[in-house]
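Within every chain, numbering begins at 1; the chains are lettered A, B, ... in the order of the sequence lines, protein sequences first and strands thereafter. Since the model is a prediction, treat every value here as computed from it, not as a measurement.
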2 protein chains.
Amino acid sequence: MPQASETEVLVVSSQAIGGRLRRVTTAGAIYERLHANIVSLRMPPGMALQEKRIADDFGVSRTPVREALLRLSEGGLVDIYPQSGTVVSRVPVSAIPEAVVVRKALEGTTVEAAALLATAADIARLDAIIARQRSHAATGNASSFHEEDESFHEAIAQISGYPGIWVILKTVKVQIDRARRLTLPVLGRMDNVVHEHMIIRDALAAHDATAARDAMIHHLSAVIPDVDELRSRYPDYFC
Amino acid sequence: MPQASETEVLVVSSQAIGGRLRRVTTAGAIYERLHANIVSLRMPPGMALQEKRIADDFGVSRTPVREALLRLSEGGLVDIYPQSGTVVSRVPVSAIPEAVVVRKALEGTTVEAAALLATAADIARLDAIIARQRSHAATGNASSFHEEDESFHEAIAQISGYPGIWVILKTVKVQIDRARRLTLPVLGRMDNVVHEHMIIRDALAAHDATAARDAMIHHLSAVIPDVDELRSRYPDYFC
DNA sequence: TTTGGCATACTAGTATACCAGTTATCTCGC
DNA sequence: GCGAGATAACTGGTATACTAGTATGCCAAA
């Protein structure tokens, strides 16, 4: 019960957004916190949530909590049953193959475009990410590894000149990622990911769009979690 | 000022969702209403909105209005400036080429899959949509024409077995559609759309995935609005 | 006449109170 | 002992009240 002992102070600071100074709202901060907890499985699928309870834990009123939960429900991370209850959503197994298809279509596109546009500085940025990822793999730090994995794919989207596509991908990836969290600790898988990233990086550096797309699609095929196996191991987490 | 004289009664009925009876919430009803008004340009880009005003017009409190506006802001249809104001978002011109790229990638994928799976019944459904669309084109009913256009693309997503992709496409399409609303009355364009849809339909009926994809991508290229021209004609609507 | 600062009138963000369903439990009748 | 119905305790949905930022316009001083 992660939220049981939180009672944490929400530090709400300021942040520049699009040249306009925009205060980080309480609702936004709570959204970020809950989002992170759900993706990391600290709040596992099926966990019951209550607006009142969360509000008390964070020391705020129900209103911003409610807004955060509404946003999460749009992203499919929580299910709200009116007048009944709110739960962390089970991972919809049927959505996972579809999410992989979307990733292949969109990331195939971005990586092709990126291959044509990548500069030396871009490649250096990817190298830095891969280096950090390799060290996290060596120390078995799955959490940091995941963060750098996100960075790698996001960087490619930015290089491609289609940063908006990354926004879409983030919401699509999230269900895959929850399943992956259960399976990634498999020995050697992290090393494979690093290797696949390097192949993509090389294709980008060579400005070979076709090779880049092939490498990306192969990579995305390799990270499909074995849903059937997971489902039998964690029956409560899927639906 | 569409909302000036509305003061309309919100009829909140019930609706079955996923086998679970779920009351249509006030917030959801208001979201639908505002969404339709924005996409149809009855609420034009740049129009100032006020939670209080909308709440009074609909005869409800600010809370559900606020929730609706938050959802709209996530979809990029309104911009909320904290403590300052809320406006119907200008169409971000930079996002339009990106949206077209996303459509090509995703609809290219769905139409390929649909070509392999389409049944005779599916083709008949498409024929019915095309027939209705042709009659709307003949009478110049742009609004109904648009609705059937949506139906056509949605039907293909469903045939492909990837209904979730349509959900993504809807949010991506919306900015393109707002621009298209300004340009579609161009004579003959609607007839061309019908013709392009027929080519796609034929490819699906022939189970020719490659031809279907080519036809779809050609179709999506043809519906790109001429942003530069629109921008000079409606400077306030874009940013 | 221009410009700086301040008062004021707005906005959205948050807190609280109330309402209407849902669900689980407990009791009563069989 | 067991099942059906009443009921009480809980949920999220909505309304209202309050807080705190932001923009604007006025007035005074240069």
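Between B/Asp177 and B/Glu150, some side-chain heavy-atom pair lies under the 4.5 Å cut-off. With a 4.5 Å cut-off on side-chain heavy atoms, B/Asp122 and B/Arg125 count as touching.
When the P atom of D/dC10 is taken as reference, atom CD of A/Gln50 falls 10 Å away, rounded to whole Å. Atom NZ of B/Lys52 is separated from atom C1' of C/dA9 by 15 Å (rounded to the nearest Å). Protein atom CD1 of A/Ile54 is 12 Å distant from nucleotide atom C1' of D/dG12, rounded to whole Å. At whole-Å resolution of the value, CD1 in B/Ile30 and P in D/dG13 are 14 Å apart. The separation between A/Glu51 atom CD and C/dA20 atom C1' is 15 Å, rounded to whole Å. If you take CG of A/Leu70 and P of D/dG12, they are 11 Å apart, rounded to a whole angstrom. Atom CZ of B/Arg66 is separated from atom P of D/dT14 by 15 Å (rounded to the nearest Å). Taking atom CG of A/Asp79 as the reference point, atom P of D/dG12 lies 13 Å away to the nearest angstrom.
The closest donor-acceptor contact from the side chain of A/Ser89 to the backbone of A/Gly76 lies under 3.5 Å. Between the A/Asn37 side chain and the A/Leu34 main chain, no donor and acceptor come within less than 3.5 Å of each other. Between the side chain of B/Glu98 and the backbone N or O of A/Gly164, at least one donor-acceptor pair lies under 3.5 Å.
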Which atoms of nucleotides 15-19 of chain D (N or O only) lie under 3.5 Å from a protein N or O atom, and what are those distances?
| from | atom 1 | to | atom 2 | distance (Å) |
| --- | --- | --- | --- | --- |
| D/dA15 | OP2 | B/Ser61 | N | 2.9 |
| D/dA15 | OP2 | B/Ser61 | OG | 2.8 |
| D/dA15 | O5' | B/Ser61 | OG | 3.4 |
| D/dA15 | N7 | B/Thr63 | OG1 | 2.9 |

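An OP1 or OP2 oxygen of C/dT23 is reached within less than 4.0 angstrom by a side-chain nitrogen or oxygen of A/Ser84. Neither OP1 nor OP2 of D/dT11 sits under 4.0 Å from any side-chain N or O of A/Thr86.
Cation-pi geometry between B/Arg90 and B/Phe238 is not met at under 6.0 angstrom from the ring centre and within 45 degrees of the axis.
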